[in-house]
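Just so you know, these numbers come straight off a predicted model, no measurement behind them.
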Amino acid sequence: QVQLVESGGGLVQSGGSLRLSCAASGFTLDYYAIGWFRQAPGKEREGVSCISSSTEGSTYYADSVKGRFTISRDNAKNTVYLQMNSLKPEDTGVYYCAADLLSAVVAEAMVEAGFGSWGQGTQVTVSS
């Protein structure tokens, strides 16, 4: 059974850091594109970052997080990480990871509908 489990969320002050983890079971992550999405209260879910399959090895970021967030994968642990630095109150929301067999070109668009497997989300709250 395909399953994604996020962890690492929490409450942090503005300027602080968190590292989110997305652990996969039931399939091998390195063949998949993995996306991180977030949903702030009262807003639609948006793409934050994406990493293509290990074969293609590309990473993508929303403009709002470029230079502050870093996505990476550890294939041995079947886990993808999102390192979030210099956090801002506007980064607050529920963060979800998602996976699918996508080419790098398609993954770059970070379209929610393109990802078929989703985790349950982890809450990130950044206080000012």
Side-chain angles (χ1 to χ4, degrees):
Q1 183 179 358
V2 172
Q3 189 174 15
L4 296 169
V5 178
E6 302 97 333
S7 62
L11 173 64
V12 65
Q13 289 188 332
S14 181
S17 298
L18 286 172
R19 188 178 78 158
L20 305 184
S21 300
C22 173
S25 60
F27 66 104
T28 302
L29 263 185
D30 57 343
Y31 299 118
Y32 286 71
I34 308 299
W36 281 99
F37 294 79
R38 67 185 179 191
Q39 188 166 21
K43 295 187 177 181
E44 293 186 356
R45 193 153 54 183
E46 63 175 351
V48 174
S49 182
C50 184
I51 187 166
S52 62
S53 68
S54 295
T55 303
E56 296 180 296
S58 300
T59 58
Y60 311 101
Y61 300 92
D63 288 343
S64 58
V65 306
K66 279 181 182 176
R68 300 188 298 122
F69 290 12
T70 303
I71 192 170
S72 62
R73 65 165 77 229
D74 184 335
N75 290 336
K77 296 183 178 180
N78 218 29
T79 300
V80 169
Y81 302 99
L82 185 68
Q83 178 66 44
M84 306 187 298
N85 299 328
S86 302
L87 283 162
K88 305 175 181 180
E90 51 263 45
D91 294 318
T92 294
V94 179
Y95 282 70
Y96 302 87
C97 67
D100 215 312
L101 291 167
L102 303 174
S103 67
V105 171
V106 175
E108 181 179 6
M110 288 189 282
V111 175
E112 184 177 342
F115 291 84
S117 299
W118 290 79
Q120 83 290 348
T122 185
Q123 176 70 44
V124 171
T125 304
V126 184
S127 63
S128 57

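The closest side-chain heavy-atom distance from Met84 to Arg68 is not below 4.5 Å. The shortest side-chain heavy-atom distance between Val80 and Ile51 falls under the 4.5 Å cut-off. Taking 4.5 Å as the limit, every side-chain heavy atom of Lys77 sits out of range of all side-chain heavy atoms of Leu29. A 4.5 Å side-chain heavy-atom check between Ile71 and Gln83 finds every atom pair outside the cut-off. Counting heavy atoms from C-beta outward, Ser54 and Asn75 have side chains that approach closer than 4.5 Å.
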Under 3.5 Å, sequence neighbours excluded: what are the donor-acceptor pairs made by side chains of residues 16-27?
unit_1, atom_1, unit_2, atom_2, d
Ser17, OG, Asn85, OD1, 2.9

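Salt bridge status for Lys88 with Asp91: absent, with no side-chain N to carboxylate O gap under 4.0 Å.
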Practice item. Would you please test Val5 and Gln120 for side chain to side chain contact (heavy atoms under 4.5 Å, CB included) and show each step? Key: CA-CA 7 Å; Val5 178; Gln120 83 290 348; 4.3 Å; yes
**Study point:** Candidate pair Ile34 and Phe115, rule side chain to side chain contact (heavy atoms under 4.5 Å, CB included), full reasoning
**Key:** CA-CA 8 Å; Ile34 308 299; Phe115 291 84; 5.9 Å; no
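For the pair Arg38 and Tyr96, the NZ or CZ position fails the cation-pi test of under 6.0 Å to the six-membered ring centre and within 45 degrees of the ring normal.
Partners of Glu90 by salt bridge (charged side-chain N to carboxylate O under 4.0 Å, His left out), not counting sequence neighbours: none found.
Follow the hydrophobic side-chain contacts under 4.5 Å out from Tyr31 and you reach Val2 in the same cluster.
Between Asp30 and Ser53, the side chains place no donor N or O within less than 3.5 Å of an acceptor N or O (distance only, hydrogens not considered).
Of the inter-residue distances, the one linking Ser117 atom OG with Leu4 atom CG reads 6.0 Å to the nearest 0.5 angstrom.
For Phe69 and Trp36, the ring centers are positioned 6.0 Å apart or more.
Trp118 and Phe37 have tilted rings, their planes meeting at an angle from 30° to 60° on a 0 to 90° scale.
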